[in-house]
Amino acid sequence: SGLLEVGSAIVMHTPSPNVSSIMMDVPVSTDEYNRRNPTWGQAKKSVDRDKWLEADAKEKNQHDRRPTFLLIPEGRSGVPSGFRILPLKRHCKIKDSGEYKIRWVVLGNLDNFDGETYAPTACKKVVWFIFALSLLLNLRTKWFDVTGAFMAERPTRDVYVEIDDKVFKLLYSLYGLDDAAKLFNDCLEQHLKDGGYKQSIWDRCLFIKWVTSSEYIYIIFHVDDFNASASTDAMLKEFEQHLKKKYDITSNEDGLFLGTRCTRQSDGTMIYTKPHQLQSIFDKYLPDGPKYACPREPMSANYIKDIDLESPPCNVTEFKSLLGGIMQLVDVRADIAYSVSKISQRSSSPRIHDYDALIYLVHFLYATRDRGLKLKPGDSASAQAIVRLRGYGDCGYVNNSNGKSQYCTCFDLVPHSITEDELTPMHDFYNTGMFNFKSWMAPTVDLSSTEGEAGTVVELYKDTIFIEEY
């Protein structure tokens with residue numbers, strides 16, 4: 001439910017090109033990645049030396065205008081006793097636009113700061129809830145990014161750095177400092193509160209401004225990336241102007257948010273994909289294309305049949321690396337959730353049989369790489385509609401070889417009107433677009449199928465309470 005396939009045939013694909021229509025702007029070569037992300041030493045020796053020097057001068061001018069640094073004329077001898085002088089490094093990158101970018105970064109591993117460094121990040125469940133809610137209520141959505149976020153605030157402590165044999169005291173924070181994320185987050189939270197935006201008590205990265213039932217905005221941010229969904233363009237504009245009072249920002253209406261590409265269609269629907277994550281997996285494990293005919297299902301029936309048979313152990317690090325990469329795709333690929341859950345149960349002692357199952361899954365992903373999660377919008381009257389959160393749970397009793405059941409839950413948001421019949425509230429559950437779904441092994445052994453179903457309902461209610469509190 002909620003999956004879209006855009007013209008991808010589940011057949012043997014030719015090795016080249018190794019890029020689908022949705023993923024056509026994703027880098028496909030490891031060599032290309034290294035070219036785009038050289039060390040400073042490599043950059044100065046490359047044929048693009050002049051461009052890198054120009055980018056470095058641009059970064060220096062940015063800090064000079066602030067200014068970020070206060071020169072210590074005496075050098076190291078001018079630094080008070082007890083303070084460590086932190087070296088700076090140049091982080092080099094060629095952006096997708098072709099721009100040569102250099103950022104001066106502190107070597108934070110040498111920072112001996114022992115204060116509080118925690119900064120919250122957005123809860124994945126809340127992000128997807130906002131995605132679904134904004135579409136169902138026909139809200140306007142815009143994405144924002146703070147430029148140089150960790151350089152926007154003044155440090156709360158004395159920090160000394162060295163670059164090109166010169167010693168400076170920092171007047172503004174820099175990337176790499178242990179407390180840079182917390183400093184930015186604390187100041188950002190206060191700035192939003194000053195603008196009248198109310199912070200959720202459950203997720204510190206969720207802010208809401210409610211003027212009337214027809215004027216409101218939801219803001220979810222992850223470090224310096226913002227997803228803003230509002231009932232009116234004026235509310236979006238107000239939020240944008242408030243951000244600009246303090247930060248340099250960029251914005252777009254159809255782009256990437258936390259690695260997820262949000263693509264709006266002509267009919268208003270939104271398709272969510274993770275093309276960069278997919279391509280990185282293909283580059284590493286299928287560099288020359290599929291090794292055999294691509295399967296039609298994410299898991300082979302033989303894997304389940306032979307799951308308890310003896311098989312030599314595989315490389316644990318390699319197994320977990322690939323499994324972790326695939327797990328990041330489950331948000332937008334409900335069709336692989338069960339397979340990922342099943343294979344991940346072997347994480348502590350993976351076998352070649354399990355690793356082969358992952359490669360099989362990679363081939364399935366390759367054949368269906370144009371699939372994504374599709375969420376439908378509401379109509380013009382939806383902005384003031386009452387919505388209902390629906391949850392569905394199921395239990396596969398004794399579905400695992402250790403006697404434990406397999407639980408599965410998912411959620412969608414729908415207009416209240418289609419669930420008014422309390423006897424059949426799930427009658428229109430097909431293709432509504434699930435914004436949250438998961439499959440996992442039960443924590444304990446269920447003594448009956450009834451106990452397993454009850455366990456699933458308990459887990460479903462936990463997530464329901466969690467989501468409703470927002």
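Below, each value reflects all heavy atoms present in this structure, side chains not excepted, and no hydrogens, waters or symmetry copies. Numbers for residues simply follow the sequence, beginning at 1.
Put simply, the side chain of S231 gets close to the backbone of S214: a donor and an acceptor are under 3.5 Å apart. Here the side chain of T456 pairs a donor or acceptor atom with the backbone of G452 at under 3.5 angstrom. Here the side chain of T368 pairs no donor or acceptor atom with the backbone of R371 at under 3.5 angstrom. For the pair T260 (side chain) and T273 (backbone), a donor-acceptor distance under 3.5 Å is absent. Proximity of a side-chain donor or acceptor of Q277 to a complementary backbone N or O of K274 within less than 3.5 Å is not detected. In this structure, T464 contributes its side chain and L460 its backbone to a donor-acceptor pair below 3.5 Å. A donor-acceptor pair is defined here as one N or O able to donate and one able to accept, closer than 3.5 Å; no such pair exists between the side chain of S321 and the backbone of E318.
Residue pairs meeting the salt bridge (charged side-chain N to carboxylate O under 4.0 Å, His left out) criterion with at least one partner in residues 338-357, sequence neighbours excluded, are R346-D354, R351-D354. For the salt bridge (charged side-chain N to carboxylate O under 4.0 Å, His left out) condition, the pairs that include at least one residue of residues 438-449, sequence neighbours left out, are K438-D463. Residues in residues 306-315 take part in no salt bridge (charged side-chain N to carboxylate O under 4.0 Å, His left out) pair, two or more places apart or across chains. Among residues at least two apart or in separate chains, ring-ring contact (aromatic ring centres under 6.0 Å, His included) pairs with a member in residues 301-324 are Y303-H353. Residue pairs that meet the salt bridge (charged side-chain N to carboxylate O under 4.0 Å, His left out) test with at least one member in residues 231-241, sequence neighbours left out, are R140-D233, K142-E240, K209-E238, E240-K244.
Counting only heavy atoms from C-beta outward, the side chains of I326 and L322 approach each other to under 4.5 Å. Contact annotation: the side chain of I94 never approaches that of K101 to less than 4.5 Å [non-hydrogen atoms, C-beta and beyond]. Looking at heavy atoms from C-beta onward, V362 lies out of side-chain contact with Y360 at the 4.5 angstrom threshold. For the pair S229 and I130, the minimum side-chain heavy-atom distance is below 4.5 Å. When side chains are defined from C-beta on, L361 counts as touching I336, because their heavy atoms get closer than 4.5 Å. Looking at heavy atoms from C-beta onward, V105 lies out of side-chain contact with L174 at the 4.5 angstrom threshold. Inter-residue side-chain proximity for F221 and V146 is flagged as unmet; no heavy-atom pair is nearer than 4.5 Å.
Evaluation of the ring-ring contact (aromatic ring centres under 6.0 Å, His included) rule for Y407 yields W440 as partners, not counting sequence neighbours. Legend: residues meeting side chain to side chain contact (heavy atoms under 4.5 Å, CB included) with M441, ordered by chain and number and at least two apart, are Q345, N400, N402, K404, Q406. Residues passing the side chain to side chain contact (heavy atoms under 4.5 Å, CB included) test with K305 are N302, sequence neighbours excluded. In this structure V223 satisfies the side chain to side chain contact (heavy atoms under 4.5 Å, CB included) test together with T121, F150, sequence neighbours excluded. Under the ring-ring contact (aromatic ring centres under 6.0 Å, His included) criterion, W210 pairs with Y216, sequence neighbours left out. Qualifying salt bridge (Lys or Arg N to Asp or Glu O under 4.0 Å) partners for E99, counting only residues two or more places apart in sequence or in other chains: K58, K95. With sequence neighbours excluded, the residues that form a side chain to side chain contact (heavy atoms under 4.5 Å, CB included) with V458 are K462.
Taking CG from L236 and OG1 from T141, the interatomic distance works out to 7.5 Å, rounded to the nearest 0.5 Å. Between L183 atom CG and M151 atom CE the span is 13.0 Å, to the nearest 0.5 Å. The distance from the NZ atom of K125 to the CG atom of N436 is 6.5 Å, given to the nearest 0.5 Å. Between D248 atom CG and L243 atom CG the span is 11.0 Å, to the nearest 0.5 Å.
Nearest heavy-atom pair, A55 versus Y100, reported as atom, atom and distance to 0.1 Å: CB-O, 3.2 Å. Closest heavy-atom contact between R333 and F364: NH2-CE2, 3.5 Å. Annotation for R204 and D186: closest pair NH2-OD1, 4.2 Å, computed over non-hydrogen atoms. In terms of heavy-atom proximity, F226 sits nearest to I219 at CD2-CG2, 4.0 Å. The heavy-atom pair separating A230 from I217 by the smallest distance is CB-CG1, 3.7 Å. Across every non-hydrogen atom of Y355 and C314, the tightest pair is CB-SG, 4.0 Å.
Paired with W128 under the rule ring pair (Phe, Tyr, Trp, His ring centres under 6.0 Å), one option of Y272, F435, F257 passes, and it is Y272.
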Side chain to side chain contact (heavy atoms under 4.5 Å, CB included) between Q265 and I271, worked out: CA-CA 8 Å; Q265 305 300 295; I271 300 175; 3.5 Å; yes
Worked check of side chain to side chain donor-acceptor pair (under 3.5 Å) between D179 and Y118: CA-CA 8 Å; D179 58 339; Y118 171 76; over 6 Å; no
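A donor and an acceptor atom, one from each side chain of T269 and D267, are located under 3.5 Å apart. Counting only N and O atoms by type, the side chains of Q199 and K193 include a donor and acceptor under 3.5 Å apart. In this structure, a donor-acceptor pair under 3.5 Å is absent between the side chains of N252 and W143.
Using a 4.0 Å cut-off between charged nitrogen and carboxylate oxygen, R103 and E59 do not count as a salt-bridge pair.
The aromatic rings of Y247 and H191 lie perpendicular to each other, with more than 60° between the two planes, well past the 30° mark.
Between Y197 and F239, the ring center distance clears the sub-6.0 Å criterion.
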